[in-house]
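Working notes, structure below.
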Amino acid sequence: MSNPSVTAVILAAGKGTRMHSDKPKVLQTLLNEPMLHYVYAALKPVLDTALTVVGHGAEMVEAAFPDKKDGFVVQAEQLGTGHALQVAWDAVKASGAEYCMVINGDTPLVTSEALSRLADVAGCCDLAFLTITPKDPASFGRVVRDEDRRITAIVEAKDYDINEHGPVTGEVNAGLYLLRVATIEPLLDELRNENASGEYYVTDLVGLAVSRGLRVDGVQCGDDLSLMGINSPRELAAAESALRRGIVYDLLDKGVLIHNPETVIIGPEVNVEPGAEIFGHCEIYGRSTVKRGARLGSYTYITDGVFEPGCDVRQFCHIEGAHVGPGAWVGPYARLRPGAVLKEGARVGNFVEMKKAVLGEGSKASHLTYLGDTEVGAGANIGAGTITCNYDGKNKFKTVIGDGAFIGSNTALVAPVTVGRNALVGAGSTITKDVPDEGAGIARGKQVNIKRRLKKSD
Ligand code: UD1
Ligand code: CA
């Protein structure tokens, strides 16, 4: 018999009041990636379809995940987790799946293993959910069992009454459920909001299912911290530091050399090869790749950078969307902005900024320079204080510097302009016309020496 089909619904419409932020909670970041990114990543190997219920800041959430654009359902008013599911139900039915997995979008540390455990019970029950027994049950929904340990309900912390529900067991609801579409559907209309929050709770489906004689299972996950929901800045910080540690120590185990690992922050999508060397403090985010033999010095901040073998990034660099070629040197104190490319053995020194600029093989810009919208060939030398004037206040223009060219210090290259192969530009020039191959361009006021007038007393 083939496995029953399962579709997922991620609940992400809530405001996250306890975050005190205008940003929807599921867009709060851990290691520079939004919470929801982690839920999608964990789900990917398990299920290929997911609907996301959005509401508070819906446009922001949709804009953050353009590749999911057909998978959003809007819950205009956030009347509770049960209401969020009601809003998504038509789309769940349209998917034709036999089961629906419901996932709280504020559980970013959830693992693919936990989601698989839940998916695996499809076929055996009408409703299953993951339970945990954390040290501090905090505001989690309490799992209630009868004297035979059979689940009878989930009762929210605010609604829990010892006299009515008995002493707490310590077992709580992790906020991940699996529902059989055909048997749970009639219960959706029976949800009521007569509770401490005045909301429609998805958790009430448990008690309703039990009372109808449906099969309900609690999949116990012990004290699995990865299933903690995030409701406050403090919980977000705790989850982020657990995640950071996990990534860094995993890389150490794989053979990445990390100095001072407690001060190294690496995002979940960063690819670091064994044999790369990283010095803390540093932050590496986005879709960065650090290859074997690349070296990243301390106090660097990197997003979407690619570092080839043998390259050396010295301390205090800021690098975004740049490609550092094999054996290239960067910094200390360099800034590489999107589109900066250093070919093999190229060098960029202190206080050099590059944007949409290519520095050819073995070329150097060692000090105090701005290269924007520029192409520099191989073996060129860009003197200290060279500025490409790429912007006239309206448009951007390109500068081309040929192989082997030598740009003297304190030169302004007013784009569009080309300095030819093996050409030279005299120090202090403002170059507005092309310099031919092997030519020498000098554009500065002629020096005049006259006799100095001295005061008598001198
Ligand atoms: C929920 C569970 C609780 C469980 C805990 C696990 C309910 C009633 N309670 O509590 O039993 O222990 O998660 O973390 O479900 N959301 C919507 N629409 C809404 C309200 C919420 O989409 O109208 C989304 C939120 O964006 C969030 C998720 O549902 O991602 C959970 O909502 P939240 O308010 O955080 O529920 P908890 O109080 O944490
Ligand atoms: Ca929550």
Worksheet item: Out of curiosity, Ile154 CD1 to Leu127 CG, how far, rounded to the nearest 0.5 Å?
Response: 7.5 Å

Worksheet entry | Aromatic plane relationship, Tyr333 with Phe316 - under 30° parallel, 30 to 60° tilted, over 60° perpendicular | parallel

Discussion item. If I compare all heavy atoms of Thr303 with all of Ser288, which pair ends up nearest, and what's the gap?
Written reply: C-OG, 3.7 Å

Discussion item. Under the ring-ring contact (aromatic ring centres under 6.0 Å, His included) definition, can you give me all pairs with a residue in residues 54-107, not counting sequence neighbours?
Written reply: Tyr40-Phe65

Item to complete: Quick one: do Glu62 and Lys68 satisfy salt bridge (Lys or Arg N to Asp or Glu O under 4.0 Å)? Show the steps, please.
Response: CA-CA 8 Å; Glu62 291 184 33; Lys68 301 269 187 288; over 6 Å; no

Worksheet item: Please walk me through it: do Thr133 and Asp223 pass side chain to side chain contact (heavy atoms under 4.5 Å, CB included)?
Response: CA-CA 5 Å; Thr133 312; Asp223 60 354; 5.7 Å; no

Worksheet item: Looking at Lys93 and Glu185, does any basic side-chain N land under 4.0 Å from a carboxylate oxygen?
Response: yes

Item to complete: Return yes if some donor-acceptor pair links the side-chain N/O of Ser363 with the main-chain N/O of Ala346 below 3.5 Å, else return no.
Response: no

Fill in: Beyond-backbone contact of Leu85 with Tyr200, side-chain heavy atoms, under 4.5 angstrom
no

Worksheet item: Any side-chain heavy-atom pair from Ser226 and Glu113 closer than 4.5 angstrom?
Response: no

Item to complete: Flag the pair Glu283 and Arg244 as a salt bridge only when some basic side-chain nitrogen lies within less than 4.0 angstrom of an acidic carboxylate oxygen.
Response: no

Worksheet item: Do Asn390 and Thr388 meet the criterion of a side-chain donor-acceptor pair at a distance under 3.5 Å?
Response: no

Worksheet item: Would one find more than 12 heavy atoms of other residues, nucleotides or ligands at under 6.0 Å from atom NZ of Lys23?
Response: yes

Worksheet entry | Whether Asp146 side chain and Asp148 backbone form a donor-acceptor pair below 3.5 Å | yes

Discussion item. With a 4.5 Å cut-off on side-chain heavy atoms, are Pro268 and Leu31 touching?
Written reply: yes

Worksheet item: Taking atom CZ of Arg314 and atom CH2 of Trp329, what is their separation to the nearest 0.5 Å?
Response: 4.5 Å

Item to complete: Please check if the side chain of Ser211 supplies one atom and the backbone of Ala209 the other of a donor-acceptor pair under 3.5 Å.
Response: no

Worksheet item: Under 4.0 Å between a Lys/Arg side-chain N and an Asp/Glu carboxylate O for Glu190 and Arg212?
Response: yes

Fill in: Residue pairs involving residues 346-357 (criterion side chain to side chain donor-acceptor pair (under 3.5 Å); sequence neighbours excluded)
Arg337-Glu353, Lys355-Asp373

Worksheet item: Does the side chain of His37 come within less than 4.5 Å of Thr29's, by heavy atoms?
Response: no

Response to the item:
CD1 (Ile284) and CD1 (Ile266) are apart, to the nearest 0.5 Å, by 4.5 Å

Discussion item. So which atom in Ala122 and which in Val6 form the shortest heavy-atom distance, rounded to 0.1 Å?
Written reply: CB-CG2, 4.2 Å

Discussion item. Distance check, rounded to the nearest 0.5 Å: Leu413 atom CG versus Ile382 atom CD1?
Written reply: 7.5 Å

Discussion item. Strictly below 4.0 Å, N to O, side chains only: are Glu273 and Lys291 in salt-bridge contact?
Written reply: no

Fill in: Sidechain-backbone polar pair: Thr81 side chain, Val202 backbone, donor-acceptor under 3.5 Å
yes

Worksheet item: Heavy atoms, side chains only, cut-off 4.5 Å: are Arg18 and Glu235 in contact?
Response: no

Discussion item. Can you confirm whether Asp22 is buried at CG, in the sense that more than 12 heavy atoms of other residues, nucleotides or ligands lie under 6.0 Å from that atom?
Written reply: no

Fill in: Value rounded to 0.5 Å, distance of CD1 in Ile278 from CD1 in Ile302
8.0 Å

Fill in: Rounded distance [0.5 Å steps], CG in Asn195 versus NZ in Lys158
8.5 Å

Worksheet entry | Which residues share a side-chain contact (heavy atoms from CB on, under 4.5 Å) with Thr183, sequence neighbours left out | Asp126, Arg180, Leu214

Practice prompt. Quick one: closest heavy-atom pair of Ser298 and Gly280, and the distance?
Written response: CB-O, 3.2 Å

Practice prompt. Report the C-alpha separation of Arg150 and Val210 in whole Å, then their side-chain angles, then the decisive distance to 0.1 Å, and conclude whether the side chain to side chain contact (heavy atoms under 4.5 Å, CB included) test is met.
Written response: CA-CA 10 Å; Arg150 279 187 307 242; Val210 171; over 6 Å; no

Discussion item. Which heavy atom of Ala88 sits nearest to which heavy atom of Val53, and what is that distance?
Written reply: CB-CG2, 3.8 Å

Item to complete: Look only at the side chain of Arg142 and the backbone of Pro137, and say whether a donor-acceptor pair between them is shorter than 3.5 Å.
Response: yes

Worksheet entry | Thr152 side-chain N/O to Val144 backbone N/O, donor-acceptor pair under 3.5 Å | yes

Practice prompt. Heavy atoms only: give me the nearest Ala41-Pro45 pair and the separation to one decimal.
Written response: O-CD, 3.3 Å

Discussion item. If you compare all heavy atoms of Pro134 against all heavy atoms of Gly170, which two are closest, and at what distance to 0.1 Å?
Written reply: CD-O, 3.9 Å

Discussion item. Could you check whether any side-chain N or O of Thr263 sits under 3.5 Å from a backbone N or O of Asn260, counting only pairs where one atom can act as donor and the other as acceptor?
Written reply: yes

Worksheet item: Would you say the side chain of Asn231 lies within less than 4.5 Å of the side chain of Ser139, judging by non-hydrogen atoms?
Response: yes

Item to complete: Indicate yes or no for a side-chain donor-acceptor contact from Asp204 to the backbone of Leu208 under 3.5 Å, with no hydrogens or angles considered.
Response: no

Discussion item. For Glu156 and Ser197: C-alpha separation, side-chain torsions, deciding distance, then whether side chain to side chain donor-acceptor pair (under 3.5 Å) applies.
Written reply: CA-CA 9 Å; Glu156 290 308 300; Ser197 308; over 6 Å; no

Worksheet item: Quick one: does Ile10's side chain get under 4.5 Å of Leu43's, heavy atoms only?
Response: yes

Worksheet entry | Side-chain heavy-atom pair Leu227, Leu109 within 4.5 angstrom cut-off | no

Discussion item. I'd like to know if the side chain of Gln86 reaches the main chain of Leu188, judged simply by a donor and an acceptor atom lying under 3.5 Å from each other, with no hydrogens or angles considered.
Written reply: yes

Worksheet item: Between Tyr177 (side chain) and Leu205 (backbone), is there a donor-acceptor pair under 3.5 Å?
Response: no

